[in-house]
Amino acid sequence: MLRRALPARPEARRILLGTLLSAIGRGLTLPFLFIYLTNVRGLTDNQAGLVIGWFGAVTLALSPLGGTLIDRFGARRVVLPCLVIEAVGTGSLALVDSLGKAFAVSTLIAVGGSAIWSGQTTILASLTGDGERQRVFGLQFALLNLGIGVGGLISGAIVDIARPVTFQAIYLLDALSYLMPGLILLTLPHVGHRPARPPAAAGTGRSSGGYLTVLRDRPFRRLIIFGLVLTTCGYAQIEVGFAAYSIRVVEVTPRVVAWALAANTVMIVLSQLLVIRRMEGRSRTRGLAAVGAIFAVAWLVLGAAGLIGTGNALIAALGVVACSAIFGFGETMLSPVMPALTNALATDELRGRYNAMGSMIFGISGIIGPVTAGPLLGVAHGRLWVAVVVGGCLAASALALSLHRLLTAAQDGRSTPTQNLEPVTA
């Protein structure tokens with residue numbers, strides 16, 4: 001299954017290797033930023049929250065510009081400097097000792113990170129054909145989670161709040177990891193350039209209008225609405241809603257929440273390749289609808305654990321872990337389909353903007369989700385929150401099914417023309 005999931009072109013395989021290496025560095029620091037800023041650097045909880053929120057806001061604000069630059073100059077010329085900026089910013093976290101410096105470094109990291117994911121996705125799409133993109137994007141997601149998991153295990157054995165130097169070490173290692181995909185890209189001089197416009201399209205104006213042209217794409221507009229609803233009621237609830245409900249309502253310990261997140265990663269790494277194989281040649285929109293239903297089931301399991309609560313602590317804890325594992329299985333279906341469908345709808349001239357808008361979904365939902373989770377969790381012992389996120393996931397399923405009739409069979413993944421098996425651009 002791994003051989004089948006690997007892209008045909010060696011350049012794409014090396015890009016995936018860069019994803020894995022940088023993900024290990026990301027995993028070193030991912031769980032610890034809030035703890036580092038508060039327990040090690042002395043910021044208050046509110047100050048640390050503002051710094052992290054500022055990072056998300058700046059990243060979201062700059063993402064559209066990143067997509068425009070990718071289309072205008074090519075992904076290579078955007079991704080390489082962004083990786084360097086990200087490395088400098090992440091390494092600078094080791095030197096943060098005040099609120100002002102924390103905001104400055106957060107801004108620098110946000111500038112670097114605003115175009116990396118959309119740029120790398122654009123590069124990977126240019127190196128793969130329509131027939132293999134779905135498999136490759138699924139493999140990319142599995143490698144990302146594998147790297148984060150490995151990095152988390154390493155940092156868990158290293159960091160010590162009483163020894164600030166251990167945190168400084170992991171941030172410096174994370175900075176080095178961001179240079180790995182950049183070095184790999186430098187060894188591929190013909191990869192990531194702006195595609196040449198075909199002569200037949202030179203006078204059509206298809207690439208004019210920028211984001212207005214993208215937003216006029218009715219199927220993509222529907223896909224964006226689906227993504228916003230699903231991620232707001234899904235991904236965006238993990239850090240706040242899931243953790244808060246588990247600890248306050250189900251009354252499990254933070255260690256159980258950590259086990260649940262570990263179960264999520266294990267589920268993704270073990271099942272991703274199998275899911276990729278099973279989804280090949282099947283309707284992408286129906287797969288997205290299934291993701292909404294799976295996320296809804298995950299939240300229902302968590303809600304049931306809340307009803308059990310301390311009445312049976314073991315069953316309640318298993319419910320929390322099961323929720324996260326079920327959610328992870330839904331992620332394995334979403335991760336290959338969403339970027340594959342985005343790039344099936346995109347044109348070469350606007351591919352950077354399409355991918356930038358796809359990545360912006362997570363930024364927008366990342367703001368809406370935490371803001372709405374708090375008030376909802378305070379009503380009816382958290383039951384209103386469960387009802388809203390379950391209903392939202394099911395509404396996303398309905399949106400995915402409504403998208404089905406707007407797509408061709410090839411766009412929906414139900415047919416893979418042989419002429420689309422080879423990449424069009426490099």
Side-chain angles (χ1 to χ4, degrees), residues 19 22-23 26-27 30-31 33 52-67 70 79 82 86 106 109-122 124-125 137-138 140-145 147-148 211 214-215 220-243 261 264-265 268 288 291-292 294-295 298 324 327-328 330-343 345-346 352-373 389 392-393 395-396 399-400:
T19 297
S22 63
R26 185 75 181 109
L30 183 61
L33 180 57
I52 296 172
W54 173 251
F55 164 78
V58 174
T59 302
L60 180 61
L62 293 179
S63 291
L65 176 60
I70 289 168
V79 170
C82 281
E86 189 80 356
S106 179
I109 296 173
V111 170
S114 61
I116 289 177
W117 186 254
S118 57
Q120 289 179 330
T121 302
T122 300
L124 202 54
F137 285 130
Q140 181 191 36
F141 184 69
L143 293 174
L144 179 67
N145 279 271
I148 289 175
Y211 282 104
V214 176
L215 290 173
F220 184 67
R221 200 166 60 235
R222 186 73 56 88
L223 180 65
I224 289 295
I225 296 171
F226 156 82
L228 282 172
V229 174
L230 184 71
T231 54
T232 299
C233 296
Y235 280 100
Q237 301 298 330
I238 291 294
E239 290 187 6
V240 177
F242 170 73
L261 296 177
N264 175 274
T265 300
I268 291 170
L288 293 176
V291 173
I294 292 170
F295 282 4
S324 187
F327 194 92
E331 290 180 80
T332 64
M333 299 179 67
L334 179 67
S335 60
V337 172
M338 194 75 177
L341 184 50
T342 296
N343 282 278
L345 294 170
R353 291 179 175 89
Y354 272 85
N355 283 308
M357 287 201 67
S359 66
M360 285 172 62
I361 290 173
F362 294 91
I364 296 171
S365 64
I367 295 173
I368 298 173
V371 170
T372 56
V389 293
C393 291
L399 284 167

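Scope of the values below: all heavy atoms of this structure, side chains included, with no hydrogens, waters or symmetry mates.
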task = To the nearest 0.5 Å, tell me how far Leu62 CG sits from Cys82 SG.
result = 9.5 Å
inquiry  = Could you tell me if the side chain of Met338 sits less than 4.5 Å from the side chain of Val291, heavy atoms only?
reply    = no
key: Full working for side chain to side chain contact (heavy atoms under 4.5 Å, CB included) between Leu230 and Leu334   = CA-CA 10 Å; Leu230 184 71; Leu334 179 67; 3.9 Å; yes
Reported CD-to-CG distance for the pair Gln140 and Leu124, which is rounded to 0.5 angstrom = 5.5 Å
ask   = How long is the span from the CG atom in Leu143 to the CD1 atom in Ile268, to the nearest 0.5 Å?
value = 12.0 Å
message = Do Leu261 and Ile238 make a side-chain contact, defined as non-hydrogen atoms from C-beta onward lying under 4.5 Å apart?
response = yes
note = Closest heavy-atom pair, Ser335 versus Gly138, reported as atoms and distance to 0.1 Å, is OG-CA, 4.3 Å
ask   = Checking Asn145 side chain against Thr265 main chain: does a donor-acceptor pair fall under 3.5 Å?
value = no
query = Roughly how far apart are Leu341 CG and Leu223 CG, rounded to 0.5 Å?
reply = 5.0 Å
message = Donor-acceptor pair, distance only, cut-off 3.5 Å: does the side chain of Ser359 make one with the backbone of Ala356?
response = yes
key: Close side-chain approach of Cys233 to Phe295, heavy-atom, < 4.5 Å   = no
request  = Mark yes or no for whether Arg353, through its side chain, and Gly67, through its backbone, hold a donor-acceptor pair below 3.5 Å.
outcome  = no
ask   = Do Ile364 and Thr231 have side-chain heavy atoms sitting under 4.5 Å apart?
value = no
Asn343 vs Thr121, side chain to side chain contact (heavy atoms under 4.5 Å, CB included): CA-CA, chis, key distance, verdict = CA-CA 9 Å; Asn343 282 278; Thr121 302; 4.0 Å; yes
key: Atom of Ser63, atom of Met360 and distance for their closest heavy-atom approach   = CB-CG, 3.5 Å
inquiry  = Show the nearest heavy-atom pair for residues Ala115 and Val79, with the distance to one decimal.
reply    = O-CG2, 4.4 Å
ask   = If you look at every heavy atom in Glu86 and Gly112, which pair is closest and at what distance?
value = OE1-C, 3.3 Å
ask   = Partners of Ala400 by side-chain contact (heavy atoms from CB on, under 4.5 Å), sequence neighbours excluded?
value = Phe226, Leu288, Ala289
task = Tell me, please, which residues at least two apart from Ser106 pass side-chain contact (heavy atoms from CB on, under 4.5 Å).
result = Val51, Trp54, Phe55
inquiry  = For the OG1 atom of Thr19 and the CD atom of Gln120, what is their distance to the nearest 0.5 Å?
reply    = 5.0 Å
ask   = Do you know the tightest heavy-atom contact between Tyr211 and Pro64?
value = OH-O, 2.6 Å
ask   = Parallel, tilted or perpendicular for Phe327 and Tyr235, by the 30°/60° rule?
value = perpendicular
task = Report yes if the side chains of Arg26 and Leu144 come closer than 4.5 Å at any heavy-atom pair, otherwise no.
result = no
Atom pair CG/CD1 of Leu33 and Ile109 - distance to nearest 0.5 Å = 7.5 Å
note = For Gln237 and Thr232, the nearest pair of non-hydrogen atoms, with its separation, is NE2-O, 2.8 Å
